[in-house]
Amino acid sequence: MGTLEEPVINVRISIANPSAPSESMFGPGIAKLCDGVRELGSLNAAAKSMGMAYSKAWRIIKDTESTLDIQLLDRDGAHGSQLTEEGNRLLDVYQSISQQLQEDGEALYHKELGTNG
């Protein structure tokens, strides 16, 4: 019998608006898309870096903006896009909470199983 690799713990969160008619959420996918816009300065470039069509990325952004009632991106036509102040804040908070929950989840997993981690 071969040796087993240690399991990977993956904690994911989503931010939703339960009173919105849409079920769109701010989760790992849109966070990655927004981070790409932050880094690359363009929704199109961010979508391409994820292997996603621009039209799909645009739809995801618009649906999430509508659901959460915030504007995530400032668009400047051919000059690209950038996250709004609200968009930056939401992404920062999301990433901070995700990191903390990931660390807590890993620690709890090891504590409950009595393993070293």
Side-chain angles (χ1 to χ4, degrees):
M1 230 195 231
T3 58
L4 294 176
E5 290 186 39
E6 184 169 329
V8 175
I9 309 305
N10 191 1
V11 178
R12 295 179 180 202
I13 66 162
S14 297
I15 299 168
N17 179 354
S19 65
S22 169
E23 294 183 15
S24 292
M25 294 181 232
F26 192 96
I30 193 162
K32 185 175 180 181
L33 189 59
C34 287
D35 196 45
V37 170
R38 181 188 276 171
E39 296 296 318
L40 302 171
S42 156
L43 180 59
N44 192 29
K48 284 182 182 177
S49 75
M50 293 174 65
M52 182 185 300
Y54 173 78
S55 59
K56 181 176 181 180
W58 176 256
R59 186 178 65 252
I60 289 168
I61 292 288
K62 295 305 290 174
D63 287 350
T64 305
E65 287 179 335
S66 177
T67 297
L68 298 180
D69 195 27
I70 65 169
Q71 184 177 345
L72 295 171
L73 299 183
D74 278 328
R75 299 150 189 95
D76 190 14
H79 300 288
S81 299
Q82 62 183 14
L83 293 179
T84 62
E85 187 176 325
E86 274 186 310
N88 271 305
R89 187 158 186 247
L90 179 60
L91 180 59
D92 289 344
V93 167
Y94 180 86
Q95 290 174 330
S96 176
I97 292 170
S98 292
Q99 179 64 36
Q100 186 63 55
L101 288 175
Q102 182 66 35
E103 291 169 11
D104 292 349
E106 290 171 7
L108 183 60
Y109 172 84
H110 292 293
K111 176 185 171 200
E112 293 295 323
L113 285 179
T115 61
N116 295 328

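Computed over heavy atoms, backbone and side chain alike; hydrogens, waters and symmetry mates excluded.
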Q | Any residue meeting side-chain contact (heavy atoms from CB on, under 4.5 Å) with Gln82, in chain and number order, not counting sequence neighbours | A |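 Expected list: Asp74.
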Ignoring hydrogens and angles, tell me if any N or O in the side chain of [X] forms a donor-acceptor pair with the backbone of [Y] under 3.5 Å.
X	Y	result
Arg75	Leu73	yes
Thr64	Ile60	yes
Gln102	Ile9	yes

Q) After noting the C-alpha distance and the side-chain angles of Lys56 and Leu33, does the key distance pass the side chain to side chain contact (heavy atoms under 4.5 Å, CB included) rule? A) CA-CA 11 Å; Lys56 181 176 181 180; Leu33 189 59; over 6 Å; no
(Q) Quick one about Gln99 and Gln95 (side-chain donor to acceptor, distance below 3.5 Å, no hydrogens or angles considered), yes or no? (A)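 Distance-only check fails for Gln95 and Gln99.
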Out of the candidates [options], only one should pair with [X] under the side-chain contact (heavy atoms from CB on, under 4.5 Å) rule; please name it.
X	options	value
Leu90	Leu72, Thr84, Ile30, Leu83	Leu72
Ser24	Asp63, Asn17, Ile61, Leu68	Asp63
Tyr94	Ser14, Cys34, Pro28	Pro28

Q. Which distance, rounded to the nearest 0.5 Å, do you find between the CG of Leu40 and the OG of Ser81?
A.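 Reported to 0.5 Å precision, the distance equals 11.5 Å.
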Q: Would you mind checking if Glu86 and Arg89 are paired as a salt bridge, meaning a charged N to carboxylate O distance below 4.0 Å?
A: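 No.
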Q.
If you compare all heavy atoms of Met25 against all heavy atoms of Ala16, which two are closest, and at what distance to 0.1 Å?
A.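 The answer is CG-CB, 3.6 Å.
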